[in-house]
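As structure tokens, the structure follows; a few thoughts come after it.
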Amino acid sequence: MADPSSYRPKPGQIPDSPGVYRFRDEHRRVIYVGKAKSLRQRLANYFQDLAGLHPRTRTMVTTAASVEWTVVSTEVEALQLEYSWIKEYDPRFNVKYRDDKSYPYLAVTMNEEYPRVQVMRGHKKKGVRYFGPYAHAWAIRDTVDLLLRVFPVRTCSAGVFKNARRTGRPCLLGYIGKCSAPCVDRVSAEEHRELAEEFCDFMTGRTGTYLRRLEKQMMEAADEMEYERAARLRDDIEALKKAMEKNAVVLADATDADLIAVAEDELEAAVQIFHVRGGRVRGQRGWVTDKVEEITTGALVEHALQQLYGEETGDAVPKEVLVPALPDPVEPVQEWLTGRRGAGVSLRIPQRGDKRALMETVERNAQQALVLHKTKRASDLTTRSRALEEIADALDLDSAPLRIECYDISHLQGDDVVASMVVFEDGLQRKSEYRRFQIKGFEGQDDVRSMHEVITRRFKRYLAEKEKTGEWADGENTLADTSSAPLTDASSDALAGTSSDLLTDTSSAPLANGLKDDDGRPKRFAYPPQLVVVDGGQPQVAAAQRALDELGIDDIAVCGLAKRLEEVWVPGEDDPVVLPRTSEGLYLLQRVRDEAHRFAITYQRTKRAKRFRSSPLDDVPGLGETRKQALIKHFGSVKRLRSATIDQICEVPGIGRKTAETIAVALAQAAPAAPAVNTATGEIMEDEESDTTAETSGEPVSAGAPDERRGQER
């Protein structure tokens with residue numbers, strides 16, 4: 001636990017101007033971001049007597065090891081910079097509303113030639129019209145099913161659309177009248193886009209004009225004794241009215257507004273948002289957050305507004321935002337909202353009338369959401385805390401292992417040997433910090449040696465980063481013989497004594513670009529665990545401990561979980577630790593181990609599939625996908641290309657003589673592929689046929705069906 005006085009800025013060092021500040025921990029991770037009208041006055045509040053601070057604020061300042069700030073010109077700039085840094089660094093002590101990306105939207109892809117209506121989640125895309133969010137995806141599908149009768153817009157995927165265009169036959173919706181079938185040119189692209197625009201107009205609330213037009217057409221058809229058309233129009237009107245009933249009118253003046261309500265206690269707060277468009281509730285969402293410090297309702301509202309409109313522009317920001325309390329000061333927030341919309345935005349508290357009544361409904365929803373969340377989380381927190389305590393007691397740790405890393409090795413009979421690293425913090429998955437390794441230090445199958453290599457490489461990266469950030473005192477550097485320059489793939493491989501690792505996850509780029517001074521992001525290998533778990537028994541545990549000992553790391557515990565009897569092995573012990581089968585600690589270790597196994601085998605299968613799809617042309621330097629496809633298209637197969645002369649290769653567009661010579665040499669050195677088996681029929685494919693298939697279809701070609709071989713995977 002750090003003493004805040006150890007990093008408190010000197011008197012007069014902090015400017016008395018607007019700005020944004022960041023607290024960092026001992027590993028240089030940003031743990032809190034805040035803004036202030038006066039940096040001097042705001043930061044002084046953190047360095048008072050610890051007994052007078054809010055409990056969570058006290059935890060934050062004692063976890064931090066430094067503070068820094070950036071001066072800006074106005075409070076609006078401070079608001080924008082604070083939002084950007086919270087998104088960039090993901091600080092653990094900031095107010096973060098959970099589940100903000102999980103709500104489904106009804107989306108119309110107006111950026112495509114033939115717009116498509118579909119359910120979408122996640123980040124919004126440019127050129128796509130969004131309606132919602134909705135609480136449930138089935139609510140969207142019910143609405144769309146009713147509207148497709150009147151607005152038969154395409155709903156099929158790109159693959160189905162292309163297949164229908166190729167065969168000249170529409171899908172089922174095209175036959176039953178719920179799609180205008182632009183795939184077979186029943187309507188032109190312009191006519192289909194007009195249908196999509198009418199669909200969007202109806203969803204935005206412009207319903208009255210369209211209904212009146214349909215009713216007029218129905219009466220005209222009846223007068224002309226076209227009773228079948230009149231009946232269809234009547235049914236269309238009923239379908240539209242039924243869809244409108246799903247969103248009852250709540251504000252008679254056709255208001256466009258967002259209503260935000262907050263329910264809170266000393267530790268947590270729940271936020272509910274109702275999106276009202278055209279006087280109707282078009283969407284609803286809810287968030288829950290921990291109150292990291294003593295924070296007012298107005299400040300919670302401000303954070304909600306940042307989260308809600310931080311990436312929105314134009315009409316996505318409504319003319320009116322109704323809140324239970326105003327941020328202090330309100331002017332910068334209102335100015336920021338106006339800038340996002342490009343027009344005036346009214347931010348106020350409703351006092352009376354329909355809007356006040358609707359706000360009370362939103363507040364009741366927020367209260368119910370908070371109660372439900374507490375009911376669920378009480379059980380979750382208790383269980384996770386008990387699991388971590390049981391692990392600490394069983395392994396004789398000084399404290400509960402809040403960060404656990406688990407490693408697993410996967411291969412297929414010694415080929416494509418890979419490893420995985422998964423991270424659990426506070427008993428929950430931290431998927432953004434998962435890592436994958438490619439074992440290249442040796443050939444063949446040796447799980448113990450592979451585990452030693454992976455642990456060595458992972459913690460050498462940690463020590464190198466620790467050295468870079470200057471956390472070691474003089475004389476403590478165990479890597480004194482290495483360069484102090486930024487760690488690139490090449491230099492880190494020299495440290496590890498192996499070839500470069502494949503360090504990938506869903507959110508990060510190669511490591512060579514990732515180790516930056518003062519970036520503060522909770523990425524890479526800069527943050528150590530309290531417990532390392534390996535998938536295996538005594539040999540794997542001994543290898544992991546030996547790797548840590550060789551690096552001089554003695555403050556990280558190691559254990560292994562053997563699959564056969566679910567025994568927990570610790571270094572240097574001849575007998576395992578046996579946890580009760582009903583133990584929450586054992587269940588958590590099993591979940592961590594199983595997640596590491598899943599992540600490893602997924603990566604191994606990906607590498608194997610990529611290897612099966614490989615081609616001798618892949619090794620030709622400077623030959624990209626476009627020219628490879630051109631070569632295969634021209635010659636028909638790699639076999640024919642291998643027998644071609646240099647002059648014949650030069651006939652392919654884009655292939656010069658030097659490149660043709662390189663291709664000829666590479667193919668001459670490459671061994672011909674072994675006969676392949678058609679996994680659908682079991683027949684041996686001819687060389688030419690298999691060669692062509694492997695290059696053009698991208699399907700794995702192997703000596704046995706993949707499903708039949710998975711039983712031999714590890």
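In this chain, residues are counted from 1 in sequence order.
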Worksheet item: If we only count heavy atoms from C-beta on, is the Leu300 to Val271 side-chain gap below 4.5 Å?
Response: no

Worksheet item: Of the non-hydrogen atoms in Pro91 and Val33, which two are nearest, and what is the gap between them?
Response: CG-CG2, 3.8 Å

Worksheet item: Between the main-chain N or O of Leu579 and the side-chain N or O of Ser583, is there a donor-acceptor pair closer than 3.5 Å?
Response: no

Item to complete: Say whether, by atom type as modelled, one donor and one acceptor occur between the side chain of Arg58 and the main chain of Leu50 under 3.5 angstrom.
Response: yes

Discussion item. Over 60° means perpendicular and under 30° means parallel, so tell me whether Tyr32 and Phe23 are parallel, tilted or perpendicular.
Written reply: tilted

Worksheet item: Do Gln307 and Tyr83 have side-chain atoms, one donor and one acceptor, less than 3.5 Å apart?
Response: no

Discussion item. Quick one, Val422 and Asp408 - any side-chain contact, counting heavy atoms below 4.5 Å?
Written reply: no

Worksheet entry | Minimum heavy-atom distance Ile295-Glu264, with the two atoms named | O-OE1, 4.4 Å

Discussion item. Side chains of Gln272 and Gln368 only: does a donor on one sit below 3.5 Å from an acceptor on the other?
Written reply: no

Worksheet item: Looking only at heavy atoms, what is the nearest atom pair of Ile439 and Val454, with distance?
Response: CD1-CG2, 3.3 Å

Practice prompt. Quickly, which of Ile553, Asp555, Ile556 forms a side chain to side chain contact (heavy atoms under 4.5 Å, CB included) with Pro528? Name it, please.
Written response: Ile556

Fill in: Side-chain donor/acceptor of Ser420 to backbone N/O of Ala596, under 3.5 Å
yes

Fill in: Leu402 backbone acceptor or donor facing Gln530 side chain under 3.5 Å
yes

Worksheet item: Under 3.5 Å, is there a donor-acceptor pair between the side chain of Arg430 and the main chain of Phe424?
Response: no

Item to complete: Can you see which heavy atom on Asp574 is nearest to which on Gln538, and at what distance?
Response: CA-NE2, 3.8 Å

Worksheet item: Have His452 and Glu550 got a donor and an acceptor in their side chains that come within less than 3.5 Å?
Response: yes

Discussion item. Given 3.5 Å as the limit, does a donor-acceptor pair link the side chain of Asp25 with the main chain of His27, or not?
Written reply: yes

Worksheet item: Considering all heavy atoms of both residues, which atom of Tyr7 and which atom of Val61 are nearest to each other, and what is their separation?
Response: OH-O, 2.6 Å

Worksheet item: Distance-only, no hydrogens or angles: does the Thr57 side chain make a donor-acceptor pair with backbone N or O of Leu53 under 3.5 Å?
Response: no

Discussion item. Please determine whether side-chain contact (heavy atoms from CB on, under 4.5 Å) holds for the pair Arg24 and Val67, giving the CA-CA distance in whole Å, both sets of side-chain angles, and the decisive distance to 0.1 Å.
Written reply: CA-CA 6 Å; Arg24 296 178 182 266; Val67 63; over 6 Å; no

Fill in: Working for salt bridge (Lys or Arg N to Asp or Glu O under 4.0 Å), residues Glu433 and Arg29
CA-CA 14 Å; Glu433 301 200 12; Arg29 295 206 309 180; 3.6 Å; yes

Item to complete: Using only heavy-atom distances, determine whether the side chains of Asp549 and Gln545 contain a donor-acceptor pair under 3.5 Å.
Response: yes

Item to complete: Answer yes if the side chains of Arg458 and Tyr407 hold a donor-acceptor pair under 3.5 Å, and no otherwise.
Response: yes

Worksheet, complete the sentence: Here the pair of heavy atoms bringing Cys559 nearest to Val568 is CB-CG1, 4.1 Å

Worksheet item: Step by step, would you call Glu405 with Arg403 a salt bridge (Lys or Arg N to Asp or Glu O under 4.0 Å)?
Response: CA-CA 7 Å; Glu405 292 181 1; Arg403 179 183 172 102; 3.1 Å; yes

